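Before any comments, here is the structure.
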Amino acid sequence: MENLKHELKTKIIEALNLEDIAIEDISDDDPLFGDGLGLDSIDALELIVLMDKDYGIKLTDPKEGKTIFQSINTMAAYITEHRSK
Amino acid sequence: MKKCYINGIGCISAQKTFEGGFLDEVEVNTTDVIFSAKNPDYKAFISPGAIRRMAKGVKMGIAASQYALKEANVEIPDAIITGTGMGCLQDSEKFLKAIIDNKEQFLTPTSFIQSTHNTVGAQIALNLQCKGYNFTYVNGAISLESALVDALLQIETREAGTILAGGVDETSGHTLSLYELIGLIKKKDQGPIDVLNPKTPGAVFSEGAGFFVIENQKKSTTYATLEAVGTQNTLQESEVISFIENFLNTNNLKPQDIDAVVLGNNGDVAFDGYYNEAETLFSNTPQVYYKHLCGEYNTATSFGLWTALHILKKQEIPQILQKNQVTKHPINRVLLYNHYRGKDHSLTLLNHADL
Amino acid sequence: MPNKVAITGMGIISSIGNNVEENFHALIKGATGITKTDYLNTIHKDTLKFGEIKLSNQQLDRKLGLQADHRFPRTSLLGAYAAAQAVERAGIKNINEVPTGLISSTSVGGMDKTEEYFYEYFENEAIRRFILSHDAGETSHQIADYLGIKGFVTTISTACSSAANAIMMGARLIKAGKLERVIVGGADALSIFTVNGFNSLMILTDDLNTPFDDHRKGLNLGEAAAYIVLESENQVQKNNKKVLAYLSGYGNANDAFHQTASSENGEGATLAMKKAFEISGLELTDIDYINAHGTATPNNDLSEGRAIQNVFGKKVPVFSSTKPFTGHTLAAAASVEAVYSILAIQNNVVFPNKNFKTPMKEFDLIPQTSLLEKPIHHVLSNSFGFGGNCSTLIFSKS
């Protein structure tokens, strides 16, 4: 699980071009959207593709992202449970 | 009719146009057939949250527009009018390449969103929270001039008092390699490039952004007045003289009333003949050229306009810009003429602010 | 009123018809143009439906009488076809007889050729003539050349409000006496680029689009071209021209909220409608029909509905979106809907908002779902695009 969380942070920083943010800056339970990392609805769509491409998880409704992408913890938990690759 | 004052300029190009001054230091590149615009410190103008998605064109547009607004001491303009020949080329290519290479799968929207032609104008508005009129013109070499036509109309008809208008184009690899295929870009290693005495077809390509604050009142920062802009979609070489004469007539002027003519020669032997035609009207007028410094791009006239405004304000024509040896003082009226490959001809007339 | 802006001709090609009459007939019959694609080479062809024009590029070539080695991408083919209709209907014989401009608009330009030949250009010299047809401005040049226009030719590209802005700019040039006559509108062909772009934004429905319905799932993309001829009152009187309608109001504003999404309170749209009223001098109660942007994305219809309520309060005029007929034709949408607004005025009829079943939770706005005959003097038409670009046009009976 810890490996997955680390991997997710690396991937998020890369996919979303978060140039000024280091892995250490993201805590596992920080909110990713709003006050935390400050991600927005376009980032959510980027994360949906990341889920599909890297973990084989297809989300068809952008609204589902809201609960899954709350934090690194929630994302890692969802991936562990649903991943097909 | 209300006068149209140009009160602030921000220009990013292959030269040091962004730091102030008027070509105090220049780099004349006679070897490369493609060169880039100099990057200012974009982070001084754009928040980290926003900058991470932006390609160079958007960044250049925002930085240039902020610089212009600051110079004119304007916080939020009434209208934002942008011209861009090719739009957000880097993101268009990125998204299209992803579609083709991934066979329409695993596509993320960011580059698609940023590829829309009005991205620069929209991002400027978003940054400033400017809810006014926001138009983007995309018509080759008259993209900037279309924006100027619109700005002039806004001031004349009192639709707006303060307008931010400008042009921006960025280079992008795939498109430039296609342009090389069809000879729009000069072939490499054919010896030093001489824009004034071209022997070969094609031009040297580059990129840049120029934004201008256009207002209905004179300020301490005023450069000049924008008097008139005329465009024509297509012309034969033999029609250039009447095109210019008609434009001058409409503005009650004769060629000898013009104190400097700024020409868009880009060193393409196949099409610079249009400028030779134009010159015959202005043999006793100081002639200026500039694309040897900024390269060719659809909105390269933003560099030309920057040049003309400085000539009017400083009453001098730096040697590096002089096409002939004629001098004239004072310099009260400047005319710009540009076209690209015989299409999208434009004439822009500027007056000294006190005229 | 000095310098009124008269509309003297119109032309259209869309998925519901190749000319004005065919479009009107489909609107009256309630016949949609949304189908599976016959021409688009996309992996989404089995899951998505489009407002596709059922003419191949070769068929369009023949209709236009182009040489085999022409450089027109599909956007130019559609654009030239619709613009030529508009010029003919306006009874224009010699196009350069008075100063005549063309202000066109497109979002994709020649993208169809670029995506088809992206890598092939490097191997195949014969197709390289299309390289320069990629850019938006070139499509306008091609349309202008086809019509024989020599003069002011430019292009506006502000995503899905583009054609409204082209119409607006044309009207402003006529009012200011800069041009006597101008052909304005837009053209956009379907392309893999836009299909995948909108798909990646997850705002395409896999069904038929259902504007202002609580269960709306997104839009269907369409393709179209539509142009109208604007003339000065001076020209109308001098040539005793028949006026189809007047363009009486227009406004553009920016939402300055988000690069793609509209604000929930519809601020930009509200400002655009208010500006259009100011220009027209009309009262709110003068509007007999609103042709809504109504794309059927969750975001647009909520934002637009709120904006309509902001402007009209409790007395919202009859409104409908015609996107269920044509799909969302992007840069051409506002000119397609300009033609439909003029048809509504000419025929005193409101076209139905098809596919609507369930009112939205957020407000009590119900679109007109069946064909409605009533006197129509003024129509307000909205168009909104990415980058917060919001535009409103008002058309009035002649």
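Being a predicted model, the structure only gives us computed values, none of them experimental. Protein chains get the first letters and strands the later ones, always in sequence-line order, with residue 1 at the start of each.
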Counting N and O atoms only, with roles assigned by atom type, does the side chain of [X] sit under 3.5 Å from a partner on the main chain of [Y], one being a donor and the other an acceptor?
X      : Y      : answer
C:N196 : B:I99  : no
B:N233 : C:H141 : no
B:N118 : C:N389 : no
B:D150 : C:M169 : no

* **Salt bridge present between B:E159 and C:K275 (N-O < 4.0 angstrom)** =>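 Looking at C:K275 together with B:E159, the answer is no, because their closest N to O distance does not fall below 4.0 Å.
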Please classify the contact between [X] and chain B as side chain, backbone, both or neither, with a heavy-atom cut-off of under 4.5 Å.
X      : result
C:L271 : side chain
C:M202 : neither
C:H258 : backbone
C:F257 : backbone

Heavy-atom pair of closest approach, residues [X] and [Y]:
X      : Y      : value
B:A122 : C:G387 : CB-CA, 3.4 Å
C:A256 : B:Q129 : O-NE2, 2.8 Å
C:F193 : B:S92  : CE1-O, 3.5 Å
B:T116 : C:A159 : CG2-CB, 3.8 Å
C:A176 : B:T157 : CB-CG2, 4.0 Å

Give, as side chain, backbone, both or neither, the part of [X] having an atom under 4.5 angstrom from any heavy atom of chain C.
X      : value
B:Q114 : side chain
B:I100 : side chain
B:K103 : backbone
B:T234 : both
B:E180 : neither
B:I182 : side chain
B:S115 : side chain
B:L128 : neither

Who wins among [options] for the most heavy-atom pairs under 4.5 Å with chain B?
options                       : answer
C:I149, C:T260, C:N165        : C:N165
C:F118, C:Y121, C:F152        : C:F118
C:T139, C:L201, C:D145        : C:L201
C:E115, C:Q259, C:E125, C:H44 : C:Q259
C:R128, C:K150, C:R172        : C:R172
C:S157, C:G251, C:G137        : C:S157

Contact leader toward chain C among [options], where contacts are heavy-atom pairs under 4.5 Å:
options                : result
B:G140, B:C130, B:G87  : B:C130
B:N298, B:V138, B:L126 : B:V138
B:T136, B:I142, B:L235 : B:T136
B:E104, B:Q232, B:E93  : B:E104

* Asked: With a 4.5 Å heavy-atom cut-off, do B:F95 and C:S200 have their side chains touching?
  ->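 They are in contact (side-chain heavy atoms under 4.5 Å apart), so the answer is yes.
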Count the heavy atoms belonging to other residues, nucleotides or ligands that lie under 6.0 Å from [atom1] of [X], then report whether that count exceeds 12.
X      : atom1 : value
C:D69  : CG    : yes
B:E75  : CD    : no
B:E245 : CD    : yes

Gap separating the [atom1] atom of [X] from the [atom2] atom of [Y], nearest 0.5 angstrom:
X      : Y      : atom1 : atom2 : value
C:N199 : B:F112 : CG    : CZ    : 10.5 Å
C:T158 : B:H117 : OG1   : NE2   : 11.5 Å
C:T114 : B:L178 : OG1   : CG    : 8.0 Å
C:S140 : B:Y137 : OG    : OH    : 12.0 Å
C:E138 : B:D344 : CD    : CG    : 8.5 Å
B:Y133 : C:N254 : OH    : CG    : 12.5 Å

* Asked: Does any donor atom in the side chain of B:D101 or C:Y119 lie under 3.5 Å from an acceptor atom in the other side chain?
  ->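 Yes.
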* To do: Would you please say whether a donor-acceptor pair under 3.5 Å links the side chains of C:T155 and B:N139?
  =>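 Yes, a side-chain donor-acceptor pair sits under 3.5 Å.
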* Take B:T231 and C:T154, measure what side-chain contact (heavy atoms from CB on, under 4.5 Å) needs, and give me the verdict at the end. => CA-CA 9 Å; B:T231 72; C:T154 194; over 6 Å; no
* Within residues 100-107 of chain C, residues adjacent to chain B where the heavy-atom gap is under 4.5 Å ->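 C:S107 fall under the 4.5 Å cut-off.
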* To do: Can you check whether anything in residues 160-176 of chain B gets within less than 4.5 Å of chain C, heavy-atom wise, and list it by number?
  =>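 Residues B:H174 are the ones that qualify, each having a heavy atom under 4.5 Å from chain C.
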